[in-house]
Amino acid sequence: MSEIVSEEGGILTAPHVLEYPYRRSVGPVLGRFFTELRAGRIVGLRTQQGRVLAPPQEYDPETGAATGSDFVEIGPGGVVTTWSWVVRPRAKQPLDRPFAWALVKLDGADTAMLHAVDAGDLSRMRTGMRVRPRWRAERVGHIHDIECFEPEPQATADNGLGGERQRAGELAMAEEAQKPVTNIKTPMRLEYRYSAGIATSRFLHGIAQGKILGQRCPSCSKVYVPPRGSCPRCAVATEEEVELSDKGTITTYAIVRVPSESIDVPLPFASVHVLLDGADLPMFSVVQECPLDQIRMGMRVQAVWVPREQLGPTLQSIRYFKPIDEPDVPAEKLQETV
Ligand SMILES: [Zn+2]
């Protein structure tokens, strides 16, 4: 959870972004499509029935037959067959101003491909309008090599600027860029608003005061932290609040050595489950100030908080856990919680 943006009746709400990079191999058919895009050309693939699929596919969606390698250059112009106007573009969408998502049937193709159309204004969009690609100068072999489509200029209005841009881009391409495209980066991003709910909001308000608050189940007496407002075993509401120690015991751990763009802790580091004293469910954190080969189940640790004036209703108020000089807890005492 990042910044807290609103609070109603004590319930915290914040924007939540789930984002990660993703690289996928594309295979020979889409590989050819992306390789041609890098060169400023668009190709479709002719099926045995003679239809031209664009973008090309490995199998004919009508017959299921393999499509082979009968690639044909299509477009670059085409016709909008249907569209939807985007009033407020989201981060990472092709354009940062209102635009249309459209199905564009390129000249010579029998199917339409999805792309953005930069018409400037909703009133200029219509089904049946002619469009042409706006190429990026720097192309890498990705659908984004076409920045978007734009309305085709009327007859004599074309001053050839698009062509100039395309040629400049071709000159900028080094010879090594002539290798076939075999994989593409397709970053994933989910953006939504997260409401913490009553129980977790109370917990986060406690964190903002340097306190860790759990909740006890009235039926089985287990103490949950962070609390979710109910006991998953007994299916009853948990309302009794319990203040917990910021000391606890490692119940299990993993050493993280694989880099990720979204992790800002230096590698390698230990991610751990810490069972806080008084709690029955471990919480997730990281351990620092300890050689990795000394981290073990049963080890006693304590939270290291951010400075008092930086405390806020977020788990980032606990920077990490560090070892403390107390005897290990025997493994059999932790079995219930691992
Ligand atoms: Zn219970």
Side-chain angles (χ1 to χ4, degrees), residues 1-2 4-18 190 192-256 270-287 295-306 311-324 326-338:
M1 195 183 298
S2 51
I4 309 294
V5 291
S6 66
E7 189 176 343
E8 267 178 54
I11 296 176
L12 297 167
T13 303
H16 198 79
V17 177
L18 178 62
L190 287 174
Y192 53 94
R193 187 171 295 278
Y194 179 83
S195 172
I198 296 171
T200 308
S201 290
R202 273 195 207 147
F203 166 77
L204 291 170
H205 284 304
I207 290 285
Q209 295 163 23
K211 290 192 285 191
I212 303 176
L213 301 175
Q215 285 187 345
R216 191 189 316 274
C217 171
S219 173
C220 68
S221 297
K222 285 194 179 301
V223 173
Y224 294 99
V225 61
R228 299 291 180 216
S230 62
C231 174
R233 292 190 179 199
C234 311
V236 295
T238 54
E239 286 177 355
E240 183 195 343
E241 216 148 68
V242 183
E243 183 171 347
L244 298 163
S245 165
D246 69 352
K247 291 182 181 175
T249 305
I250 294 177
T251 61
T252 188
Y253 67 95
I255 308 299
V256 179
S271 78
V272 294
H273 273 181
V274 177
L275 183 65
L276 295 176
D277 296 348
D280 290 287
L281 196 73
M283 59 186 279
F284 182 76
S285 190
V286 298
V287 164
I295 292 174
R296 58 199 181 271
M297 291 166 70
M299 184 183 206
R300 296 284 294 157
V301 290
Q302 182 170 19
V304 175
W305 298 76
V306 297
L311 284 175
T314 161
L315 269 179
Q316 287 164 352
S317 294
I318 296 177
R319 292 172 59 206
Y320 54 84
F321 282 78
K322 68 171 184 183
I324 49 175
E326 289 184 12
D328 284 11
V329 174
E332 53 268 25
K333 290 201 172 174
L334 300 170
Q335 280 172 354
E336 264 285 290
T337 58
V338 172

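Start at 1 and go down the list; that is how both ligands and their atoms are numbered.
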Please name all residues satisfying ring-ring contact (aromatic ring centres under 6.0 Å, His included) with Phe284, sequence neighbours left out, ordered by chain then number. none

Measure across Val272 and Val274 and return the closest heavy-atom pair with its distance rounded to 0.1 Å. CG2-CG2, 3.6 Å

Correct closest heavy-atom pair for Asp246 and Phe321 would be O-CE2, 3.6 Å

Please tabulate, one pair per line, all N/O donor-acceptor pairs under 3.5 Å involving side-chain atoms of residues 203-221, not counting sequence neighbours.
from, atom 1, to, atom 2, distance (Å)
His205, NE2, Glu7, OE2, 3.2
His205, NE2, Gly10, O, 3.0
Gln215, OE1, Thr238, OG1, 2.8
Arg216, NE, Glu240, OE1, 3.4
Arg216, NE, Glu240, OE2, 3.4

Sorted by chain and residue number, which protein N/O/S atoms are under 2.8 Å from the Zn ion (ligand 1)? Cys217 SG, Cys220 SG, Cys231 SG, Cys234 SG

Within the distance-only criterion (no hydrogens, no angle test), does the side chain of Ser317 pair as donor or acceptor with the backbone N or O of Gly312 below 3.5 angstrom?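 It does hold such a pair.
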
Taking only residues two or more places apart in sequence or in another chain, which ones pass side chain to side chain contact (heavy atoms under 4.5 Å, CB included) with Ile324? Lys247, Arg300, Gln302, Glu326

